[in-house]
Number of protein chains: 2
Amino acid sequence: MLLKVPETEAFEEELSVTASTLSEVAKLAGVSPATASRVLNGSARTPAPEIAERVRQAADTLGYIANAQAQGLAKARSGLIGLIVHDIADPYFSAIAQGVQAAARQERRMVLLATTNGTPAEEKEAVAAFAARRAESIVIAGSRSTRSEDARANTDLAAELDRYCRNGGRVGVVGQAILGVAETDSYRTIAVPNEQLARDLARDLARTHKGPFVIVAGPEGLTTSDERVMGFQRGLSDAGQPAADIVHVAFNRNGGFDAGIELAWRIKASDRSAPDQRLCIFGTNDVMAIGVAAALRDQGLRVPHDASLAGFDDIEWLRDFRPALSTVSLPLEEIGRLATMATLSNDNGGAAAVVGSVTLRRSTGSP
Amino acid sequence: MLLKVPETEAFEEELSVTASTLSEVAKLAGVSPATASRVLNGSARTPAPEIAERVRQAADTLGYIANAQAQGLAKARSGLIGLIVHDIADPYFSAIAQGVQAAARQERRMVLLATTNGTPAEEKEAVAAFAARRAESIVIAGSRSTRSEDARANTDLAAELDRYCRNGGRVGVVGQAILGVAETDSYRTIAVPNEQLARDLARDLARTHKGPFVIVAGPEGLTTSDERVMGFQRGLSDAGQPAADIVHVAFNRNGGFDAGIELAWRIKASDRSAPDQRLCIFGTNDVMAIGVAAALRDQGLRVPHDASLAGFDDIEWLRDFRPALSTVSLPLEEIGRLATMATLSNDNGGAAAVVGSVTLRRSTGSP
DNA sequence: ATGCATTGGGAATGCGCTTTCCCACTTCAT
DNA sequence: ATGAAGTGGGAAAGCGCATTCCCAATGCAT
């Protein structure tokens, strides 16, 4: 008994591996937890300045950091925003993510990230995970899929999203609305006028290009790609041109490369000096177009000399690419920001439309 | 009183905007919350199959999703991993993020994202926010800064990280160790041998290039850039070449562009046909090198004809760039994965070193 | 039959915080 | 001097869950 080590309170505190709590701060400051809470974590009621100071001091010496989980539980607000993308390493998505992050920061929220490879099944999982974390809103980016093998998973995704919304969540959808989802105010869609812009692009290209057009598209059923294809065809039609051939490949750089190899044969077989035989290739997104360009180059063909080439998105990191890629500029970061803000505001009114624009560059013969 | 609307329980439930809870599920299944918890959310004790089924049914009809915040509070584990990057739109960071995300997914964790523009002050804030959310570990990527104006913020960052670690957190550091931080097992550094690789690069370049070298570096004090500069100079020295001139600009594409404009003058003033006067420019990261290339092109100069150019990182999206950029390949995604796994495992042993390699391409005259 | 270990469900407690409610006290008008 | 109307601090009740502890029921050996 005499040898019992006197464990001082300080000693115990030093050993503690868990963060200090509000109660500890309160005790040290000689006030109740309620008061401590009021001074440290914001409240309508402001304790006396002298007390507040004492509490702040105590918090400081203890290195107190409020437990956001506990706060979330108590306040029923998590301060979390979920972001769902196909692939964060894809510049299209990382640009959007940047916008989401910026908006979240401004609104004092944190962002939870989930990547899904574009499969509805994984998207559904991500929604469930965000719902579990009680994220206040979810921003979901990336093309929808209408392919039959995804039908089931799409239904599940819609159901999961609907459930999330019923529980009070908000969903910001980038691009096109999600099929099968309830018609509620909880969904805030930031529509990207893919079809209109692709149509504009086709019309602009048709003004100078007199040969045939070919579209390098993503898999059939990928909505974004489908919309761009449809718009482009419509634009050609507007200009009195015949519809373009379509080659479906993966909606990424390698898909574009594959298509490019195939097209290279066709180009080589044609009379490239005849303006009415020169090909104009439209890749339904920039990275696909870059893939096409790489393949053509690989096959000894030159853009725009042997064929014209255009993309879609105007990815920032691809702007230094030569020949500079004609494309449709999209304010990606802005889109991310808009989607986020839309989920956070109560009025659904300002469904601000995204404005893009055709940007013609060297790859289609512009100087 | 006669007109009082009889609110049935079902009606109330329908109106409820909050997710259903464990207790509700338990009540519906006719068991205690404890039992429901055991069957739904994993436990050492497994209730009888017949009861379990009833509970699962109840959960299903109620669309129950466990509240991860409450679970986190009760279990003292959040299942969260914090990721801190300078700029998620930068392909360097988004590649790392991809790796972190993959590892997190595999380990059944969610990732919280924070971007900081590379300032220690914002990094500190991010750490505090993650600590508040009780993230189990934090992965921090992006160059450190030793600039004097950042000294104070760096100290604060180190203090914040130390506090986080004292409270049981783990930190995975990508690149170089963080200055001023305690020497504890809690920090798991994934060292990137910037200096060694830059040295290798310089030696390889010096083998064929006989003219002067110039380094386009980030701001002085940016550790990653400094390390690469130092290694490069050492490599030149190894090869018996004089040290390279250094031009300090922003550590991004535009910085490279600015430097490129400046260097264009120097190149134009030299006798480009004399091999011993041809310049070899080393951009301390790929996007800077791309900026340099853009500027040179802008000034009517050609790479590698008028000057050689090399970068560092081997960013995937830049590989289709022409002339193909000589660079040092870094397994970015793998680095992200490693950093994440390192924070999650208990043995600090396998501080697996990152292995990079020099990749010579057309921009330095390789075929 | 008796005693003991084992099983499995439920009551109760606590995780760390917010917030309502209560109450002692001050201030002001009458 | 008195009551009404503020002030401001603390007690206590949750938020939704995990988990410890308790206890009745069962299985088994003796």
Side-chain angles (χ1 to χ4, degrees), chain A residues 16-56 58-59 62-80 131-136 167-168, chain B residues 16-56 58-59 62-80 131-136 167-168:
Chain A
S16 157
V17 285
T18 66
S20 48
T21 71
L22 225 213
S23 316
E24 292 172 17
V25 172
K27 203 189 320 171
L28 182 58
V31 301
S32 76
T35 301
S37 169
R38 291 198 260 255
V39 12
L40 293 179
N41 304 322
S43 156
R45 290 180 50 175
T46 328
E50 182 258 349
I51 288 194
E53 189 47 35
R54 259 197 358 249
V55 172
R56 257 184 282 272
L62 254 40
Y64 172 73
I65 296 188
N67 185 326
Q69 301 199 86
Q71 289 184 308
L73 229 205
K75 298 205 241 197
R77 301 191 305 102
S78 66
L80 257 22
R133 296 235 122 83
R134 299 301 186 263
E136 292 171 28
N167 291 341
Chain B
S16 156
V17 285
T18 66
S20 49
T21 70
L22 225 212
S23 317
E24 292 172 18
V25 173
K27 202 188 323 171
L28 181 59
V31 300
S32 75
T35 302
S37 169
R38 292 198 260 255
V39 11
L40 293 178
N41 303 322
S43 154
R45 289 180 50 176
T46 327
E50 183 259 347
I51 288 193
E53 190 45 34
R54 247 175 37 226
V55 171
R56 256 184 283 272
L62 254 40
Y64 171 73
I65 296 188
N67 185 326
Q69 300 198 87
Q71 289 185 307
L73 228 206
K75 298 204 245 197
R77 303 191 305 102
S78 66
L80 256 23
R133 295 237 124 80
R134 300 301 187 261
E136 292 171 28
N167 291 341

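The sequence lines fix the lettering, A, B, ..., with proteins before strands; numbering per chain opens at 1. Every heavy atom of this structure was used, including side-chain atoms; hydrogens, water molecules and symmetry mates were not.
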Worksheet item: If you check the B:Ala48 side chain, which of C:dT18, C:dG9, C:dG10 turns out closest?
Response: C:dG9

Fill in: Donor-acceptor contact present, side-chain B:Ser78 to main-chain B:Gly72, <3.5 Å
no

Worksheet, complete the sentence: Rounded to the nearest 0.5 angstrom, the OH-CG distance for B:Tyr64 and B:Leu28 is 13.5 Å

Worksheet item: To the nearest 10 degrees, what angle separates the axes at the start and end of the helix from C:dA1-D:dT30 to C:dT30-D:dA1, five pairs each?
Response: 40°

Worksheet item: Any side-chain heavy atom of B:Leu73 sitting closer than 4.5 Å to one from A:Asn67?
Response: yes

Discussion item. What residues from residues 66-77 of chain B pass a heavy-atom cutoff of under 4.0 Å to DNA chain C?
Written reply: B:Leu73, B:Ala74

Worksheet item: What is the distance, rounded to the nearest whole Å, between atom CD1 of B:Ile51 and atom C1' of C:dT7?
Response: 12 Å

Worksheet entry | Under 4.0 angstrom between B:Thr35 side-chain N/O and C:dG10 OP1 or OP2 | yes

Worksheet entry | Which atom of B:Leu22 lies closest to which atom of B:Ala36, heavy atoms considered | CD2-CB, 3.4 Å

Worksheet item: Does A:Arg38 reach the main-chain N or O of A:Arg45 with its side chain, forming a donor-acceptor pair under 3.5 Å?
Response: no

Item to complete: Give a yes/no answer on whether the side chain of B:Asn41 brings an N or O atom under 4.0 Å of OP1 or OP2 in D:dC17.
Response: no

Item to complete: Would you indicate whether the side-chain heavy atoms of B:Val25 and B:Thr21 approach each other to under 4.5 Å?
Response: no

Worksheet entry | N/O (side chain, B:Thr21) to phosphate O (OP1/OP2, D:dG16) under 4.0 Å | no

Every protein N/O within reach of nucleotides 21-23 of chain D N/O, cut-off under 3.5 Å:
unit_1, atom_1, unit_2, atom_2, d
D:dC21, N4, B:Arg45, NH1, 3.3

Discussion item. What I'd like to find out is whether the side chain of B:Leu80 reaches to under 4.5 Å of the side chain of B:Glu136, using heavy atoms alone.
Written reply: no

Worksheet entry | B:Ser37 side chain near D:dA18 phosphate (N/O to OP1/OP2, under 4.0 Å) | yes

Worksheet item: Starting at the 5' end of DNA chain C and moving along, which residue's nearest nucleotide shows up first, B:Val31 or B:Arg134?
Response: B:Val31

Discussion item. Show the nearest heavy-atom pair for residues B:Arg133 and A:Gln69, with the distance to one decimal.
Written reply: O-CG, 3.9 Å

Fill in: Shortest non-hydrogen contact from B:Ile65 toward A:Ala131
CD1-CB, 3.7 Å

Fill in: Atom-to-atom span, CZ of B:Arg133 to C1' of C:dC15 - whole angstrom
17 Å

Worksheet item: Is the closest side-chain heavy-atom distance between A:Val31 and A:Val55 below 4.5 Å?
Response: yes

Worksheet, complete the sentence: In whole angstroms, the gap separating C1' of C:dC15 from CD of A:Glu24 amounts to 13 Å

Practice prompt. Take atom CD1 of A:Ile65 and atom C1' of C:dG16, then tell me their distance rounded to the nearest Å.
Written response: 14 Å

Item to complete: Supply the atom-to-atom distance B:Arg77 CZ to B:Arg134 CZ, rounded to the nearest 0.5 angstrom.
Response: 15.0 Å

Fill in: Atom-to-atom span, CG of B:Leu22 to P of D:dC17 - whole angstrom
5 Å

Worksheet item: Does A:Ser20 reach the main-chain N or O of A:Leu62 with its side chain, forming a donor-acceptor pair under 3.5 Å?
Response: yes

Worksheet entry | Minimum-distance nucleotide (side-chain atoms of A:Pro47 versus C:dG10, C:dC17, D:dG9) | D:dG9

